[in-house]
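Have a look at the structure below, then the notes.
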Amino acid sequence: MLDQKLIRENPACVEENLSLRGKVYDITRIHELTVRKKEIDIEISSLQSESKKLSKLIGQEIRKCQDNNSKELNNLKKKGNEYRIKISEFEEKQRILDEQINNEISNLPNFPSKDAPTGKDESNNVQVKTWGNPLKANNLKSHWEIGESLNLFESIKSTKMSKSRFITLIGNGARLERALINFMLDMHTKNGYLELMTPALVNSESLKGSGQLPKFSNESFKCSNDDLWLSPTAEVPLTAFHKNEIIDPKRLPIKYVAYSPCFRREAGSYGKDTKGLIRLHQFNKVELYWFCNPSKSLEAHKKITSDAENILQKLELPYRLVDICTGDLGFSSSRTFDLEVWLPSSKCYREISSCSNCLDFQARRSAIRTKIDKKNTYLHTLNGSGLAIGRTMAAILENGQQSDGSVKIPDSLVPYFGSNFLKTP
RNA sequence: GGAGAGGUGGCUGAGUGGUCGAAAGCGAACGAUUCGAAAUCGUUUAAUAGUUAACUAUUCGUGGGUUCGAAUCCCACCCUCUCCGCCA
C-alpha cells in the first residue's frame with residue numbers, strides 16, 4: 001500500500017512514480033478523497049472534544065446539585081444529544097470515505113525502484129550474469145520424458161483424483177522432492193534463517209497484507225464455507241506472522257525460511273507448460289523472507305538473492321540472474337531479481353526463484369513497524385524463493401541426464417537422496 | 001459440536017455509568033545511600049494517530065447499540081482456558 005499522506009500532499013509525484021510501470025495511473029479521484037477525509041477527521045476531532053467537555057460539565061453539575069432533572073441540566077443534555085447526532089453524521093461520511101480510499105489505494109501497485117531497468121514487458125528485462133555452462137546438445141530428453149522412463153511421477157492418474165495441472169510423485173520422484181526440501185531447509189537454517197512451518201490456509205486479511213488481494217482474487221483457490229484461501233506462497237503467512245506488530249529494531253533483520261505447498265489457479269495460462277513439473281496448481285517451495293530496517297533493504301536484497309543462488313550453485317545447475325524491468329514487476333515489488341535455471345530440453349532459462357524487495361509496501365498493508373529514533377516506522381520486507389522444488393527437480397533431471405538414461409544426482413544432494421544416480425527401477 | 005469460565009498497560013491484577021487512561025503489585029528508568037554492589041528509600045514510567053512540543057483525538061478482545069457520558073449496561077462476533085464428545 002502506498003502512503004496516504006503522500007497521495008494527499010503530492011499526487012503528481014505518486015502518478016509519476018507509478019507511471020514507471022509503463023501504464024498511466026490517474027489518482028485524481030483518490031487524491032480528492034484523501035483531502036476530504038483529512039478535513040472530516042479534523043472536524044470530528046474538534047466536535048468530540050466539545051462533546052467530551054460538555055459531558056464532564058454535566059457530571060459535575062449533577063454531583064453539585066442532587067436535582068438531576070432541572071431545566072438547565074436538561075438543556076445541557078439536549079445540547080449533548082445534538083453533538084452526538086452531528087458526530088455520527090460525520091462518522092458515517094468518514095466511514096464511506098475510508099472504504100472508498102481503501103478500495104482504490106489497495107489496487108495501486110508499489111513504486112518501481114529507480115534502479116530497475118525501465119521497460120514495458122519481460123522483453124526489456126536485463127540479464128545481469130550467468131553461472132555455469134549450459135548443457136547444449138541435440139537428443140536431450142525433457143524432464144517429463146525422463147520422469148516417465150524412470151517412473152518418477154504421474155499426471156494422468158492425478159487428473160482422476162483432482163484435475164489437470166496436478167501431479168503425483170512416485171518412488172524416487174517423491175524421495176527426490178523430499179531430499180530437495182530437506183537440503184534447502186538445512187542450507188538456509190545453517191545460514192542464519194529460522195525455519196517456520198506455516199498454515200496452508202490463510203484468511204483474506206493475510207492475502208491483502210501481502211498484496212494478492214483484492215486485485216488478484218482469480219489467482220488463488222478459495223474455500224467456499226470459510227474466509228480461507230489456499231496459500232499461493234509462504235510469503236503470505238510469513239508476512240502475516242508479524243502483522244500489527246512493532247518490532248524492536250534490535251531484533252532486525254528477522255530472517256525466516258519456510259517450506260510450504262503453494263496453490264495457484266494459473267488462470268489465463270491455458271496451453272502453456274502443460275507437460276511436466278513447470279506449471280502446476282500445487283507445488284512445493286522453500287521460501288526466504290526478511291523483515292529489515294528500511295536503511296538496510298538494498299543490501300538485504302542482494303543477500304537474499306545470493307542465498308537463493310547458493311542453492312543453485314550447490315546443485316551445480318547453470319542459471320542466470322535477471323533484473324526485472326519496471327513494466328514486468330510484480331504488484332508488491334519495487335525491484336526483483338529473477339533466477340532462471342537452464343533447461344536443456346527447451347534450450348532456455350526458466351524462472352526458478354524470484355527475489356523481491358517490497359520496501360514498506362507490504363509492511364504498510366500489514367501494519368508492521370519498527371522504532372527508529374523513537375518514531376514508529378514501517379519496516380521493509382523482502383522475499384525470495386530458495387527455491388521452487390518442482391522446477392528444481394525438472395532442472396536436475398534434465399541437466400543430470402546421462403546417455404544410458406540414468407540421471408546424476410548433484411554431489412551435495414547425495415547425502416539427502418541416498419544415492420549417486422537415479423536409475424530405472 | 002455441547003457445557004462452563006474468561007479476554008483490562010511490558011507482566012500480574014482491581015475497577016460501583018460521571019476528574020477512569022484506569023488502583024495496587026511486579027518489572028523498567030533515574031536519583032539517594034555505598035569504595036562498589038545487594039538490600040532499602042525517593043521520583044518517574046501505557047500505547048497509537050494528527051510531521052514536532054504544547055494540544056487534540058482514539059484505545060480496556062472486535063464490531064454495533066443504549067446514554068449528555070460506557071472498561072462498566074445490551075446485542076452480535078472473534079479468541080483463550082477447563083470439562084465432555086469426535087478425531088490424525
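Remember, predicted model here, so these are calculated numbers, not experimental data. Lettering follows sequence order; numbering is per chain, from 1.
Close to B:A49, at under 4.0 Å from its OP1 or OP2, lies a side-chain N or O of A:R369. In terms of phosphate contacts, A:K5 brings no side-chain nitrogen or oxygen within less than 4.0 Å of OP1 or OP2 of B:G50. Checking the phosphate oxygens (OP1, OP2) of B:A49, no side-chain nitrogen or oxygen of A:K38 falls inside 4.0 Å. Phosphate proximity of B:U67 to A:N81: absent, as no side-chain N or O sits under 4.0 Å from OP1 or OP2. OP1 or OP2 of B:U58 sits under 4.0 Å from a side-chain N or O of A:Q48. Taking 4.0 angstrom as the limit, A:S55 places none of its side-chain polar atoms (N or O) nearer than this to OP1 or OP2 of B:G18.
For B:C86, there is no paired base (Watson-Crick or G-U wobble, both distances below 3.5 Å). For B:G25, the paired nucleotide is B:C11, the pair qualifying as Watson-Crick or G-U wobble because both relevant distances are below 3.5 Å. Pairing for B:A71 is absent, with no Watson-Crick or G-U wobble pair whose two atom distances lie under 3.5 Å. Remark: B:C35 base-pairs with no nucleotide in the shown strands. Criterion, Watson-Crick or G-U wobble with two distances under 3.5 Å. Applying the Watson-Crick and G-U wobble criteria (two distances, each under 3.5 Å), B:G42 pairs with B:C30. Pairing of B:A5, defined by two Watson-Crick or G-U wobble distances under 3.5 Å, is identified with B:U80. Under the Watson-Crick or G-U wobble criterion, with both distances below 3.5 Å, B:C60 is left unpaired in every strand shown. Pairing for B:U52 is absent, judged as Watson-Crick or G-U wobble with the two contacts each under 3.5 Å.
For A:K371, whose side chain is taken as the heavy atoms from C-beta onward, the closest listed nucleotide among B:A47, B:A57, B:U67 is B:A47. Distance from the side chain of A:K52 is smallest for B:A57 among the nucleotides B:U66, B:U48, B:A57. You'll find that the side chain of A:K375 is closest to B:U51, out of B:C68, B:U51, B:U56.
With 3.5 Å as the limit, one finds no donor-acceptor pair spanning the side chains of A:N182 and A:Y259. A donor-acceptor contact closer than 3.5 angstrom links the side chains of A:K371 and A:N376. Side-chain contact of A:S332 with A:N110: a donor-acceptor pair under 3.5 Å is absent, judged by distance alone. A donor-acceptor contact closer than 3.5 angstrom links the side chains of A:S158 and A:T168. A:S333 and A:T336 form a side-chain donor-acceptor contact under 3.5 Å, judged by distance and modelled atom types alone.
Atom CD of A:Q60 and atom P of B:G69 are 16 Å apart (whole Å). Here B:C68 presents its P atom at 10 Å from CG of A:N74, a figure rounded to the nearest Å. A straight line from CG of A:L47 to P of B:U58 spans 11 Å, rounded to a whole angstrom. At whole-Å resolution of the value, CZ in A:R84 and C1' in B:G65 are 10 Å apart. If you take NZ of A:K79 and P of B:G69, they are 14 Å apart, rounded to a whole angstrom. Rounded to an integer number of Å, the gap from A:K77 NZ to B:C68 C1' is 7 Å. Separating the CG atom of A:N244 from the P atom of B:U59 is a distance of 17 Å, rounded to the nearest angstrom.
With C1' as the reference atom, B:C26 and B:U33 are 23 Å apart, rounded to whole Å. A gap of 14 Å separates the P atoms of B:A38 and B:A32, to the nearest Å. When the P atom is compared between B:U66 and B:A71, the two are found 16 Å apart, to the nearest whole Å. Rounded to the nearest Å, the gap between the C1' atom of B:G7 and that of B:U44 is 30 Å. Only the C1' atoms considered, B:U16 is 23 Å distant from B:C75, to the nearest whole Å. Using C1' as the reference atom, B:U80 and B:U62 are 15 Å apart when rounded to the nearest Å. B:U12 sits 15 Å from B:A28 when the C1' atoms are compared, rounded to a whole Å. Taking atom P on both nucleotides, B:G9 is separated from B:U43 by 26 Å, rounded to a whole Å.
Counting any heavy atom pair closer than 4.0 Å across all strands shown, A:N376 reaches sugar-phosphate atoms only and no base atom. No engagement by A:L76 is indicated, since no non-hydrogen atom pair under 4.0 Å with the nucleic acid exists. At a threshold of 4.0 angstrom between heavy atoms, the contacts of A:G59 include nucleobase atoms, whether or not backbone atoms are also involved.
With values rounded to the nearest 0.5 angstrom, A:L20 atom CG is found 10.5 Å from A:Y25 atom OH.
Toward the 5′ end of RNA chain B lies the nearest nucleotide of A:S49, the other residue of the pair A:S49 and A:K78 mapping further downstream.
The aromatic ring centres of A:F221 and A:F263 sit 6.0 Å or more apart.
Just one residue in the list A:W290, A:F241, A:Y289 forms a ring pair (Phe, Tyr, Trp, His ring centres under 6.0 Å) with A:Y256, and that residue is A:F241.
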